[in-house]
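A short write-up of the structure that comes next.
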Amino acid sequence: MKSLLSTLVLTTALTMPGLAMARQVTLTTNLKTYGGDGAYLALYVTDASDTYVGSLWMAGGKSKYYKHLTGWYRATGGDTAQVNGITGASVGAGRSLEITLDLADALFDAGYTLHIDAAVEDMRDSPNEVSVPLTTDGVGTPVTGRRYIADFTYDM
Amino acid sequence: MKKTLTMLTIAALLPAGVVLADDDGCSVPRDQWQPREAALQVAQDNGWTVADFEIDDGCYEIEGRDADGREIEVKLDPATLQVVEMDYEDDDDDYGTAADNPAPAGTVAPPQNGLFGTGTPPKVKVN
């Protein structure tokens, strides 16, 4: 038992540098007052060759609506495992969604792009509302959305 | 009649992309549309109570209750009046099941997709 513990301590210590290579980032998405139901929002990342890497957050819990987040859906085939543990409520018109997370350091200044797809019931789907390169220069600079999102900012 | 005309005008003004944008939408040329009265007749024939009737994704869409009183949302092909999609709002008897929904944040760890620097789940506030 003791040796198991020390192994655990050792392995944890060894993986720590990897884990420490993260920075706390706050992603703020301000919605317009578009006059409709709560918006489903998919936040996900693609790499330099525009290949889907993974999801950061899914606002909206019912998977039957995910097909309306067309960019995310195409990239993932609607695989809900992609957003297990990172799913919350949809976001009302005029509200602001603030996500604070530890983002891997390697994502910055390396050609990665953060995308947001948006969809609102009975209104037009809006994939790629926001598409913003993850760079240290871009920190704190609001990016304008197209249909439902007023603006998006990442801060650290 | 005036309402139908208004609806048709609005529909005609919408860009074609709206109609074609969605996989489960309808893409029927306007001149093949049956009048809304015919769609409402379908509802009546099925014993549905109509709470809301509109056009969505190029389909007629009826929200209301079925004969058993369950909340429904039905899309009809505007030409054939066939059911394109039928959702039960109580969710349990949907195409999928509630089990298809992803696990909410906090109940399981975030996916190991390399994006999260640590296994810490994101903290979220809606203001």
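Naming convention: chains lettered A, B, ... in sequence-line order (proteins, then strands); numbering from 1 in each chain. Note that the coordinates shown come from a computational prediction; the quantities given were computed from them, not determined experimentally.
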**Request:** Return yes if a side-chain donor-acceptor contact under 3.5 Å exists between Ser63(A) and Asp100(B), otherwise no.
**Result:**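 Result is no, nothing qualifies.
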**Prompt:** Is there a chain of hydrophobic side chains (I, L, V, M, F, W, Y, each step under 4.5 Å between heavy atoms) that links Val83(B) to Trp33(B)?
**Reply:**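 Yes, because Val83(B) and Trp33(B) connect within a single hydrophobic cluster, where side-chain heavy atoms sit under 4.5 Å apart.
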**Prompt:** At their closest point, which heavy atom of Ala104(A) faces which heavy atom of Gly114(B), and how far apart are they?
**Reply:** CB-O, 3.5 Å
**Asked** Which atoms of Ala81(A) come close to chain B, meaning under 4.5 Å heavy atom to heavy atom: side chain ones, backbone ones, both, or neither?
**Response** backbone
**Heavy-atom contact with chain B under 4.5 Å, split by part of Leu103(A)** = both
Listed by residue number, which members of [range] have a heavy atom under 4.5 Å from any heavy atom of chain B?
range: residues 86-101 of chain A; answer: Ile86(A), Thr87(A), Val91(A), Arg95(A), Ser96(A), Leu97(A), Glu98(A), Ile99(A), Thr100(A), Leu101(A)
range: residues 112-122 of chain A; answer: Glu121(A), Asp122(A)
range: residues 137-156 of chain A; answer: none
range: residues 43-60 of chain A; answer: Val45(A), Val53(A), Gly54(A), Ser55(A), Leu56(A), Trp57(A)

**Asked** Between Asp102(A) (side chain) and Phe116(B) (backbone), is there a donor-acceptor pair under 3.5 Å?
**Response**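 Side chain of Asp102(A) to backbone of Phe116(B): no pair is present.
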**Message:** Can you tell me which portion of Asp56(B) sits under 4.5 Å from chain A's heavy atoms? Options are side chain, backbone, both or neither.
**Reply:** side chain
**Asked** Checking side chain to side chain contact (heavy atoms under 4.5 Å, CB included) for the pair His68(A)/Asp57(B): CA distance, chi angles, key distance, verdict?
**Response** CA-CA 11 Å; His68(A) 295 285; Asp57(B) 290 334; 4.0 Å; yes
**Asked** Atom NZ in Lys64(A), atom CG in Asp87(B): separation rounded to 0.5 Å?
**Response**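 These two atoms lie 4.0 Å from each other.
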**Prompt:** More than 12 foreign heavy atoms under 6.0 Å from CD of Gln112(B): is that the case here?
**Reply:** no
